Every structure is written in structure tokens, then in C-alpha cells.
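Computed from a predicted model, the values in this text were never measured in an experiment. By convention here, the first residue in the shown sequence is residue 1.
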Amino acid sequence: MPRAEGSPAEGQAERSAFPPARRAATLLLLYPRVTPDATRELVIPLTVRHANLREHAGEVSLPGGAIDPSDPTPADAALREAWEELGVPPADVRVLGQLDATWIPVSNFELRPFVGALPSAPDLVAHEPEVEAIIELPARLLLEEGRLVEEVISGPGWQRLAGGYRHGEHLIWGATARSLAMFATVLRLAGELT
């Protein structure tokens, strides 16, 4: 995947300048959705965060957030956040595994993505204070050649070249793009074994 300027892939030296990272978890959820031509395809729900949030405002992300002391495990935190942000009941999700953790310098989170699945499409409900919109990303798009792009992104007082996925009007970048790219690698390797 194209590397973002200033990303942790450039080395851990810059990380030593930060206090210990806070722990967070996300859920990369898969479920089938019937398309307009009546075929079924796996989709991944993503949230568009409200622009007025203190951290990661306006970004496209997997449902997730900080691991609370009351969460028995990081996977439970990911399931709780998917319930809070999308209305997906934790008991309905089958957790399939986890991906590598990613450090997010801008918010100093150590993010652990979990992969889960549902047998059918849920009724998604956006949590208004946090989620502006819900996007369903077809999982097959992660495997298409040329899907990864590099674009200049900017915020107050900063600008950087970031790798990510373009889906409609949205750029999916940062830790979410890294999680999706890791998952795409797993899918490709699984395809080579079958």
C-alpha cells in the first residue's frame, strides 16, 4: 500500500516522542447484501464521522473506538463500538480473527482491527452524535487492480500525501485504509491456497 508521509512505517523513533498509546479496537464487519441485479455480494460497513468531532472529524472509518476498562477484551470493545455506532447487536457477530495493530500518530491510539461476519444484512442505524453517514463498501473492490490511490490530504496546519481507497466521493485513508489493505492481503493469500 502506498505509505503516508510521516507514517509509522518510516520507523518507531518518532513514536518514542509520544506518551504511551491509548488502546482502541475496530470491527471490519462482513455481511451479504443483495445488489440491484439480484446478486449477493459481501459488503463492509464504514462510518463517516461528523465534522464537529474532536478527533478524526469527517473521516471515513471502521466502527470502533477506545477500549474501556469495562470491556473484557479488545474484541468486546470492537463489538460494543459497532453496537453503539451502527446498531449491530454484539451477540449476532461471529468474530473471525484479528489483523495487525496500527499506531495512529495524530491521536496516539494503538488500533487493533477485528474481522467479524453476519449471516445476513443487518438494519444499520447511525448513532447521530458521532456518525454522519454509513457507507457499505463492496469487499470485492479491495481486490481490484488500481484501487489504491495516493492523494494529498490536509487539515488545519498540516498537509500530507496519503495512500488510500477512493469510493465514490469518499477517500478512505489512514488506519482504516491500512486495515482494509491488510484484509485484502488475507483475501488474496486465501485465493492462492484454493
Side-chain angles (χ1 to χ4, degrees), residues 19-34 41-139 141-142 153 155 164-165 167-184 186:
R22 298 175 291 168
R23 294 177 40 208
T26 58
L27 183 65
L28 193 159
L29 184 63
L30 297 160
Y31 53 83
R33 177 66 75 192
V34 177
E41 69 176 351
L42 287 177
V43 297
I44 301 165
L46 301 169
T47 65
V48 179
R49 295 173 54 83
H50 272 293
N52 61 352
L53 292 174
R54 191 179 55 148
E55 293 179 332
H56 305 290
E59 293 181 16
V60 177
S61 65
L62 292 165
I67 298 172
D68 290 342
S70 61
D71 293 318
T73 68
D76 288 309
L79 293 169
R80 174 184 54 75
E81 289 283 348
W83 166 248
E84 291 173 3
E85 294 179 18
L86 300 176
V88 175
D92 293 353
V93 179
R94 181 175 172 202
V95 176
L96 304 175
Q98 63 185 0
L99 300 170
D100 292 341
T102 298
W103 177 53
I104 307 170
V106 68
S107 56
N108 196 27
F109 272 111
E110 180 85 19
L111 179 72
R112 172 67 68 180
F114 289 86
V115 179
L118 290 170
S120 60
D123 293 324
L124 300 176
V125 179
H127 181 241
E128 282 299 318
E130 197 171 352
V131 178
E132 184 175 311
I134 299 170
I135 303 166
E136 288 182 317
L137 176 73
L141 297 182
L142 300 177
I153 57 168
Y165 293 93
H167 183 59
E169 66 189 57
H170 301 286
L171 177 64
I172 305 161
W173 65 284
T176 301
R178 286 193 292 277
S179 297
L180 293 172
M182 281 188 276
F183 182 65
V186 171

Worksheet item: Going by heavy atoms in the side chains, are Leu142 and Tyr165 under 4.5 Å from each other?
Response: yes
Item to complete: Output the distance between atom OG1 (Thr47) and atom CD1 (Ile135), rounded to the nearest 0.5 Å.
Response: 8.0 Å
Discussion item. Between Phe183 and Leu28, is the side-chain contact (heavy atoms from CB on, under 4.5 Å) condition met? List the steps.
Written reply: CA-CA 9 Å; Phe183 182 65; Leu28 193 159; 3.7 Å; yes
Worksheet entry | Glu110 vs Arg22 side-chain heavy atoms within contact, under 4.5 Å | no
Practice prompt. For the pair Asn108 (side chain) and Pro19 (backbone), establish whether a donor and an acceptor sit closer than 3.5 Å, ignoring hydrogens and angles.
Written response: yes
Worksheet item: Side chain of Thr176, backbone of Ile172: donor and acceptor closer than 3.5 Å?
Response: no
Discussion item. Using side-chain contact (heavy atoms from CB on, under 4.5 Å), reason through Leu180 and Ile44 one step at a time and then give a plain yes or no.
Written reply: CA-CA 10 Å; Leu180 293 172; Ile44 301 165; 4.1 Å; yes
Worksheet, complete the sentence: Value for NE2 (His167) from CD (Glu169), rounded to nearest 0.5 Å, stands at 10.0 Å
Worksheet item: Is the shortest heavy-atom distance from the side chain of Gln98 to the side chain of Pro113 under 4.5 Å?
Response: no
Worksheet item: Is there side-chain contact between Tyr31 and Pro122, with heavy atoms separated by less than 4.5 Å?
Response: yes
Worksheet item: If you round to the nearest 0.5 Å, how far is CG of Leu27 from CG of Leu86?
Response: 8.5 Å
Discussion item. Which heavy atom of Pro32 sits nearest to which heavy atom of Pro119, and what is that distance?
Written reply: CG-O, 3.3 Å
Worksheet item: Roughly how far apart are Asp100 CG and Met182 CE, rounded to 0.5 Å?
Response: 5.5 Å
Worksheet item: Is any side-chain heavy atom of Val43 closer than 4.5 Å to a side-chain heavy atom of Leu30?
Response: no
Fill in: Whether Arg112 side chain and Leu99 backbone form a donor-acceptor pair below 3.5 Å
yes
Discussion item. Once salt bridge (charged side-chain N to carboxylate O under 4.0 Å, His left out) is applied, do any residues pair with Arg33, and if so which ones, sequence neighbours excluded?
Written reply: Glu136
Fill in: Beyond-backbone contact of Thr73 with Ile67, side-chain heavy atoms, under 4.5 angstrom
no
Discussion item. Could you check whether any side-chain heavy atom of Leu62 comes within less than 4.5 Å of a side-chain heavy atom of Leu29, counting everything from C-beta outward?
Written reply: no
Worksheet item: With sequence neighbours left out, which residue pairs that include part of residues 70-83 fulfil the salt bridge (charged side-chain N to carboxylate O under 4.0 Å, His left out) condition?
Response: Asp68-Arg80, Asp71-Arg80, Arg80-Glu84
Worksheet, complete the sentence: The side chain to side chain contact (heavy atoms under 4.5 Å, CB included) partners of Ala24 (sequence neighbours excluded) come to Phe109, Leu111
Discussion item. In the structure I gave you, are the side-chain heavy atoms of Leu171 and Val60 within less than 4.5 Å of one another anywhere?
Written reply: no
Item to complete: Work out which heavy atom in Ala25 is nearest to a heavy atom in Pro74; give both atom names and the distance.
Response: CB-O, 3.3 Å
